[in-house]
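Below you'll find the structure, written out as structure tokens, and then a few comments.
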Amino acid sequence: MARIAGVNIPTNKRVVIALQYIHGIGEKFAQDICTKVGIPADRRVNEMSDAEVIQVRETIDRDYVVEGDLRRGVAMNIKRLMDLGNYRGLRHRRGLPVRGQRTHTNARTRKGPAKAIAGKKK
């Protein structure tokens with residue numbers, strides 16, 4: 001198993017797919033990394049040489065914000081909104097949808113499981 005950016009990427013998958021297991025790298029960034037390093041599209045992780053793995057690791061460290069740094073940055077941004085007390089921060093604080101979605105029905109992902117209300121039978 002190759003370990004890149006603190007993540008064990010699967011060995012039997014293509015490199016473009018395996019790089020997407022790293023938080024912060026999607027399809028486009030994975031393709032960009034492969035073209036920068038010069039890895040063909042059909043190459044698998046277990047076929048990569050040690051030099052290629054090191055090049056991929058250095059490219060990600062140099063050019064991209066991934067994993068812990070990215071998670072920390074997102075958490076800091078949310079905390080900043082909450083400290084400012086603006087509308088988006090209040091929605092984060094209350095655990096409600098932030099981007100204008102309706103809450104009368106749906107929004108169960110943000111609100112959690114439905115709570116029964118006594119005497120609501122109609």
Side-chain angles (χ1 to χ4, degrees):
M1 258 191 168
R3 189 165 177 84
I4 299 174
V7 176
N8 292 332
I9 61 174
T11 55
N12 56 347
K13 294 186 184 272
R14 291 188 300 122
V15 177
V16 177
I17 303 300
L19 285 176
Q20 294 178 36
Y21 280 69
I22 300 170
H23 181 75
I25 296 180
E27 189 174 349
K28 181 175 184 329
F29 281 168
Q31 289 172 352
D32 291 348
I33 291 166
C34 288
T35 54
K36 282 181 187 175
V37 176
I39 297 173
D42 58 346
R43 175 87 50 92
R44 298 200 176 263
V45 175
N46 55 6
E47 298 169 355
M48 288 174 65
S49 65
D50 291 338
E52 287 176 330
V53 172
I54 291 169
Q55 278 185 309
V56 168
R57 194 176 294 140
E58 288 172 350
T59 305
I60 290 173
D61 288 342
R62 184 181 61 240
D63 298 336
Y64 299 98
V65 179
V66 292
E67 282 300 321
D69 294 335
L70 180 62
R71 292 180 204 270
R72 195 174 311 108
V74 170
M76 293 284 287
N77 289 338
I78 292 172
K79 185 177 182 324
R80 179 181 53 82
L81 289 171
M82 288 166 58
D83 291 343
L84 285 173
N86 61 9
Y87 183 77
R88 282 173 59 200
L90 293 175
R91 302 299 281 186
H92 274 293
R93 201 179 300 164
R94 292 181 184 152
L96 293 169
V98 177
R99 297 186 177 177
Q101 295 92 335
R102 66 180 292 141
T103 57
H104 180 71
T105 59
N106 303 331
R108 292 280 38 128
T109 302
R110 287 288 299 183
K111 291 167 70 173
K115 300 163 195 76
I117 300 172
K120 179 118 198 274
K121 194 182 290 187
K122 283 192 176 180

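Residue indices begin at 1 and follow the sequence shown. Predicted, not measured: the structure shown is a model, and the values here were computed from it.
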- Message: With heavy-atom distances below 4.5 Å as the criterion, would you say the side chains of Arg110 and Leu96 are in contact?
- Response: no
- Heavy-atom closest pair (Arg71 atom, His23 atom, distance to 0.1 Å) is NH2-CB, 3.5 Å
- Is the shortest distance from a Lys or Arg side-chain nitrogen in Asp69 or Arg72 to a carboxylate oxygen in the other one below 4.0 Å? yes
- Find out whether Gln101 and Thr109 are in side-chain contact, i.e. whether some heavy atom of one side chain is under 4.5 Å from a heavy atom of the other. no
- Message: I'd like to know whether CD of Glu27 has more than 12 heavy-atom contacts from other residues, nucleotides or ligands below 6.0 angstrom.
- Response: no
- Item | Neighbour count above 12 (heavy atom, 6.0 Å) for Asp50 CG | no
- Query: Is it the case that more than 12 heavy atoms not belonging to Lys79 sit under 6.0 Å from its NZ atom?
  - Reply: no
- Query: Is Arg88 atom CZ crowded by more than 12 heavy atoms from other residues, nucleotides or ligands, each under 6.0 Å away?
  - Reply: no
- Query: Is it true that Leu81 and Leu70 fall in one hydrophobic cluster, defined by side-chain heavy atoms closer than 4.5 Å?
  - Reply: no
- Item | NZ/NE/NH1/NH2 to OD/OE distance under 4.0 Å, Asp32 and Lys28 | yes
- Could Arg57 and Asp61 be called an ion pair, given the rule that one side-chain N must be under 4.0 Å from one carboxylate O? no
- Note on the structure: What one should report as the nearest heavy-atom pair of Gln55 and Val37 is OE1-CG1, 3.5 Å
- Nearest atoms (heavy-atom pairs only) where Thr11 meets Ala2: CG2-N, 4.2 Å
- Message: I need the minimum non-hydrogen distance between Ala107 and Pro97, along with the two atoms involved.
- Response: CB-CG, 3.7 Å
- Task: Nearest 0.5 Å please: distance from the CD1 atom of Ile54 over to the CD1 atom of Ile4.
- Result: 10.5 Å
- Message: Between Ile9 and Val16, is there shared hydrophobic-cluster membership here, with clusters defined by ILVMFWY side-chain heavy atoms closer than 4.5 Å?
- Response: no
- Note on the structure: Separation between CZ (Arg62) and NZ (Lys36), nearest 0.5 Å, reads 7.0 Å
- Message: So, taking the atom named CG in Leu19 and the one named CZ in Arg14, what distance separates them when rounded to the nearest 0.5 Å?
- Response: 11.0 Å
- For Arg94, look at atom CZ and say whether over 12 heavy atoms of other residues, nucleotides or ligands are found less than 6.0 Å away. no
- Query: Can you find a pair of side-chain heavy atoms, one from Val15 and one from Glu52, that are under 4.5 Å apart?
  - Reply: no
- Task: First locate atom CD1 of Ile33, then atom CD1 of Ile22, and finally report the distance between them rounded to the nearest 0.5 Å.
- Result: 7.0 Å
- In Å and rounded to the nearest 0.5 Å, what is the CG to NE2 distance from Asn86 to His92? 9.0 Å
- Message: For a quick test of reading the model, state the closest non-hydrogen atom pair linking Ala30 to Ile25 and the distance between them.
- Response: N-CG2, 3.7 Å
- Query: Heavy-atom count around Tyr21 OH within 6.0 Å, excluding the residue itself: above 12?
  - Reply: no
